[in-house]
Amino acid sequence: MNSYQHIYDTVRRIPPGKISSYGRIAALAGLAGQARLVGYALHALRTGGVDEQGQPVPWWRVINVAGRISNEYEATLQRELLEAEGIAIDARNAIDLERYLWDGAVAG
DNA sequence: ATGATGACCCAAT
DNA sequence: GATTGGGCCATCA
């Protein structure tokens with residue numbers, strides 16, 4: 001079992017229509033200060049968005065703390081997926097974190 | 001084992 | 001607000 005599995009599990013807890021930052025996910029996953037690992041873990045997903053167990057991971061709900069899409073691989077796809085969930089993106093490709101940032105609370 | 005890079009973040013300039 | 005420097009750990013050559 002890789003450490004990434006914990007990251008994937010945390011990313012899955014992001015409710016639809018919400019977003020989170022790499023650092024936030026890292027903190028929730030018990031990897032505070034290791035935001036790069038989250039980015040690396042999501043990078044390992046690549047296209048398909050499934051982990052080693054074949055479970056889907058909402059990788060598009062993870063952006064950087066600046067509210068912008070950091071990845072250059074699927075930037076367009078990520079933007080479309082975010083907009084599909086009702087997340088408004090600024091004219092400068094920025095997202096209002098205070099408005100959409102997931103505070104870590106469990107929905108339900 | 002070493003060096004370089006990376007879907008990042010924070011602080012300083 | 002854009003750029004630079006340091007820190008964190010995993011992966012590749």
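Reckoned from all heavy atoms, side chains included, excluding hydrogens, waters and symmetry mates. Each chain gets a letter, A, B and so on, in the order the sequences are listed, and its residues count up from 1.
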Chemist: C:dC9 C1' sits how many Å from A:His43 NE2, rounded?
Modeler: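 Nearest whole value for this atom pair: 16 Å.
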Chemist: How long is the line joining CD1 of A:Ile7 and C1' of B:dA7, in whole Å?
Modeler: 12 Å
Chemist: Round to a whole Å and report the spacing from CD1 of A:Ile25 to C1' of C:dC9.
Modeler: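 Result: 18 Å.
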Chemist: Measure from the side chain of A:Ser21, starting at C-beta and using heavy atoms only, and say which of B:dC9, C:dT11, B:dA7 lies closest.
Modeler: B:dC9
Chemist: In whole angstroms, how far is the C1' atom of B:dA7 from the CG atom of A:Asp51?
Modeler: 17 Å
Chemist: Please check if the side chain of A:Tyr40 supplies one atom and the backbone of A:Tyr4 the other of a donor-acceptor pair under 3.5 Å.
Modeler: no
Chemist: Residues from residues 27-40 of chain A sitting under 4.0 Å of DNA chain C, heavy atoms only?
Modeler: A:Gln34, A:Arg36, A:Leu37, A:Tyr40
Chemist: Pick from A:Leu42, A:Leu37, A:Leu31, A:Ile7: which one makes a side chain to side chain contact (heavy atoms under 4.5 Å, CB included) with A:Ile25?
Modeler: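 Going through the options one by one, the only one that passes is A:Ile7.
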Chemist: Between A:Asn64 and A:Tyr22, which heavy-atom pair has the shortest distance, and what is it?
Modeler: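 Reported closest heavy-atom pair: N-CE1, 3.5 Å.
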Chemist: Whole angstroms only, please: what is the CG-C1' distance between A:Leu81 and B:dA7?
Modeler: 14 Å
Chemist: Which heavy atom of A:Ala41 sits nearest a heavy atom of A:Tyr8, and at what distance?
Modeler: O-OH, 2.8 Å
Chemist: Please give, in whole Å, the distance from B:dA7 P to A:Leu45 CG?
Modeler: 13 Å
Chemist: May I have the distance from A:Ile63 (atom CD1) to B:dC9 (atom P), rounded to whole angstrom?
Modeler: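 So the two atoms are 9 Å apart, to the nearest Å.
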Chemist: Is the ring pair A:His43/A:Tyr73 parallel, tilted or perpendicular, if the boundaries are 30 and 60 degrees?
Modeler: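 Judged by the thresholds at 30° and 60°, the geometry between A:His43 and A:Tyr73 is parallel.
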Chemist: Heavy-atom count around A:Arg12 CZ within 6.0 Å, excluding the residue itself: above 12?
Modeler: yes
Chemist: Between B:dA7 atom C1' and A:Leu77 atom CG, what is the distance in whole Å?
Modeler: 13 Å
